[in-house]
Asks: 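First, the structure itself, so that you have it in front of you.
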Amino acid sequence: MQSTHSLPVDPDRLHAIAGKWGTPTYVYLEDMIRVRCQLLQGLFPDFPVSWLYAVKANDNPHILKIIANEGFGFDTVSTEEVLLCLNIGTNPNKIFYTENNMTDAEMHDAAKQGVVLNIGSLGRLKSFCEAYPKSECSIRIKPDISDGHHAKVDTGNQDSKFGIRLDLLSEAVSIAGEYQVQISGIHAHIGSGIREPENLLTEIEVLLTASEKLDDLKFINFGGGMPIPYKINERSFDLNRFAEMASDRFRSFLGEMSRPFSFFFEPGRWVVGPAGILLTQVNTVKDQGRKLFLGTDTGFNHLLRPALYDAYHEIVNISADPDTGTQNYHVAGNICESGDILGLDRTLPESRPGDHLAILDAGAYGMTMASHYNRRALPAEVLITKEGFHKTIRKRKTPDETVDEFLNDTGMIRLDE
Ligand SMILES: Cc1ncc(COP(=O)(O)O)c(C=O)c1O
């Protein structure tokens, strides 16, 4: 068996895309993104729950437009992400901006743009209140709950840099009160790729309890973090069960409420992760004595998750004859570091240079974390539209264009000019 996780798309399509666009290329499935948005929106039919998409997971503007078209707002974390969302026509009141060590200039930009600013420290709250008295904002708290698929994305634990300590909530209230600023929202995000749904329920409880201290509150944002299975036998997060349990709590909370109120979630990975594939080509098959390497034309510059988080992505050889024998390979990238391994110990059919590999579940935190390390160009991005067309949504630059852009940005000129 070469793969335990099935391709979400016909391999012929991937061959056609590799033939036309070359590799490395990210391929996204519009249909799947839409269906996933709709599934989320159906989870809480009886409650005022709205969905924001965490732009950092995949910020290609074509993808953002699809998700906006499904009725999502956006969760952003930088001025640049805000500008991107505004640029695709999003109403500022559907953009939630969670700051993290923001500058004064960024704060003024956010205020000017009219987005919902979510503040994560007392210092920033004070400077916001001084600059914008009689306005309103949201605050992020640190719920002291630990979760996430890796320590590097465990954001709500006791030692996390994010959010205002719960025991400082009264201080936040008094700072806001001093300047007649309404704290209209409260937010937390415990981590990305949550392992235990109970932790998200506990976080909901923490936020509902904290909300009792906030008289002007209009909404609670419970963050994102819904995980996806990267391996076939991985236990998947039972969203329906989670929604049932959360609904019980929402019912009792809203029962006591006499004013309009809303809840938000802000997932990224769950929406786009399974809808993206990184297509790459095998360039080298190399026996290093104890290890057999498949060398590809991509690397951690294009998909950082394996190197950064030891993350697992299923890899499928879409070119090899599945009836040939299999081999155990280490699938390696072309970056000049020994840590550039995309898949360790993978059983794949006998593979040859020229074969195409599909790296699955690469739609989230793939292209957005890509870099020009080793000065290589970024991958192309192709969307399989809901009508079944293949559409370029980002072209790959040639080596010449890549170097030209770099020389231009650094103020250098080409020696041959
Ligand atoms: C504040 C915030 N909200 C939402 C998300 C989205 O997380 P995920 O993609 O795991 O749903 C993140 C990701 O780190 C985040 O930092």
Side-chain angles (χ1 to χ4, degrees), residues 33 36-37 39-41 43 49-60 63-64 67 72-78 80-82 85 94-102 110 115-121 124 137-143 145-157 160-164 185-197 199-200 203-204 207 219-230 234 236-237 239 242-243 263-276 304-305 308-309 311 361-369:
I33 295 172
R36 295 180 78 80
C37 289
L39 278 170
L40 290 176
Q41 279 166 326
L43 283 178
V49 172
S50 298
W51 294 86
L52 306 169
Y53 165 71
V55 171
K56 67 174 79 62
N58 187 324
D59 64 4
N60 186 297
I63 304 279
L64 298 184
I67 294 171
F72 276 52
F74 292 112
D75 156 53
T76 61
V77 291
S78 66
E80 289 82 348
E81 284 188 353
V82 170
C85 294
K94 291 195 88 174
I95 302 176
F96 191 77
Y97 179 175
T98 291
E99 69 91 13
N100 161 33
N101 302 328
M102 96 189 311
V115 299
V116 183
L117 183 58
N118 185 37
I119 296 178
S121 75
R124 178 50 59 195
C137 68
S138 168
I139 55 169
R140 177 178 186 165
I141 53 124
K142 178 172 74 70
I145 299 167
S146 181
D147 209 320
H149 70 81
H150 190 279
K152 289 176 182 164
V153 291
D154 175 344
T155 50
N157 68 70
S160 168
K161 69 168 178 166
F162 298 104
I164 295 171
I186 187 167
H187 163 267
H189 169 73
I190 57 173
S192 190
I194 290 170
R195 290 175 195 274
E196 296 301 335
N199 284 334
L200 199 46
E203 184 231 49
I204 289 177
L207 281 165
F219 69 85
I220 303 178
N221 181 339
F222 302 109
M226 288 80 168
I228 57 167
Y230 285 93
E234 218 168 298
S236 61
F237 188 92
L239 271 176
F242 164 74
F263 298 124
F264 290 91
F265 288 95
E266 49 182 27
R269 181 189 315 273
W270 200 91
V271 179
V272 289
L304 185 58
R305 300 191 68 259
L308 186 62
Y309 308 127
D361 301 308
Y365 306 105
M367 189 61 162
T368 41
M369 295 180 95

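All ligand and atom numbering here is 1-based and tracks the order in the structure.
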Asks: With atoms numbered from 1 as shown, which atoms in ligand 1 lie under 4.0 angstrom from a non-hydrogen atom of A54?
Replies: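 Reading through ligand 1 atom by atom, the close ones are 4 (C), 5 (C), 6 (C).
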Asks: Please say which of F74, Y97, F96 ends up in a side-chain contact (heavy atoms from CB on, under 4.5 Å) with C85.
Replies: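 Answer to the side-chain contact (heavy atoms from CB on, under 4.5 Å) test with C85 among F74, Y97, F96: F74.
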Asks: With heavy atoms only and a cut-off of under 4.0 Å, state how T155 meets ligand 1: side chain, backbone, both or neither.
Replies: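 The answer is neither; T155 stays 4.0 Å or more away.
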Asks: Whether the side chain of D147 engages the backbone of E196 through a donor-acceptor N/O pair (distance < 3.5 Å, no angle test) should be reported.
Replies: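 Yes; judged by distance alone, with no hydrogens or angles, the pair exists.
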Asks: Evaluate the ring-ring contact (aromatic ring centres under 6.0 Å, His included) criterion for residues H149 and Y309: first the C-alpha distance (whole Å), next the side-chain angles of each, then the deciding distance (0.1 Å), finally the verdict.
Replies: CA-CA 8 Å; H149 70 81; Y309 308 127; 4.9 Å; yes
Asks: Contact between G193 and ligand 1, counting heavy atoms under 4.0 Å?
Replies: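 Contact present.
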Asks: Flag G268 as yes when one of its N or O atoms lies below 3.5 Å from any N or O atom of ligand 1, and as no otherwise.
Replies: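 Yes, there is a polar N/O contact under 3.5 Å.
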Asks: Report the part of S192 in contact with ligand 1, treating N, CA, C, O as backbone and CB onward as side chain, heavy atoms under 4.0 Å; options are side chain, backbone, both, neither.
Replies: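 It is both backbone and side chain that touch ligand 1.
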Asks: Using modelled atom types and a 3.5 Å cut-off, is there a donor and acceptor pairing between side-chain atoms of R36 and backbone atoms of W270?
Replies: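 At least one qualifying donor-acceptor pair exists.
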Asks: When you measure from atom 15 (C) of ligand 1 to every protein heavy atom, which one gives the shortest distance, and what is it?
Replies: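 Result for atom 15 (C) of ligand 1: K56 NZ, 3.1 Å.
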Asks: Compute the minimum heavy-atom distance from G225 to ligand 1 and say whether it is under 4.0 Å.
Replies: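 Under 4.0 Å: yes for G225.
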Asks: Nearest heavy atom to atom 14 (O) of ligand 1 wins, so pick from H189, M226, E266.
Replies: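 Shortest heavy-atom distance from atom 14 (O) of ligand 1: H189.
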Asks: Would you sort out whether N118 and S138 count as a side chain to side chain donor-acceptor pair (under 3.5 Å), showing the intermediate values?
Replies: CA-CA 4 Å; N118 185 37; S138 168; 2.8 Å; yes
Asks: Below the 3.5 angstrom mark, is there an N/O of R140, backbone or side chain, next to an N/O of ligand 1?
Replies: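 Not met; the criterion fails.
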Asks: Would you please classify the geometry between the F222 ring and the F265 ring as parallel, tilted or perpendicular, with 30° and 60° separating the classes?
Replies: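 F265 and F222: tilted rings.
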Asks: Knowing that exactly one of V272, I67, L64 qualifies, which makes a side-chain contact (heavy atoms from CB on, under 4.5 Å) with N58?
Replies: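 In the set V272, I67, L64, the residue that makes a side-chain contact (heavy atoms from CB on, under 4.5 Å) with N58 is V272.
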Asks: Hey, which atoms in ligand 1 end up nearer than 4.0 Å to a heavy atom of P267?
Replies: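 Near P267, meaning under 4.0 Å from one of its heavy atoms, ligand 1 has 11 (O).
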Asks: At a 4.0 Å threshold, what atoms of ligand 1 neighbour a non-hydrogen atom of G224?
Replies: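 Counting from 1, the qualifying ligand atoms are 4 (C), 11 (O).
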Asks: Of all the heavy atoms in Y365, does at least one lie under 4.0 Å from an atom in ligand 1?
Replies: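 Yes; Y365 lies near enough to ligand 1 that a heavy-atom distance drops under 4.0 Å.
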Asks: Mark yes or no: R195 above the aromatic ring of F237, with NZ or CZ under 6.0 Å from the six-membered ring centre and no more than 45 degrees from the axis.
Replies: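 Checked: cation-pi criterion not met.
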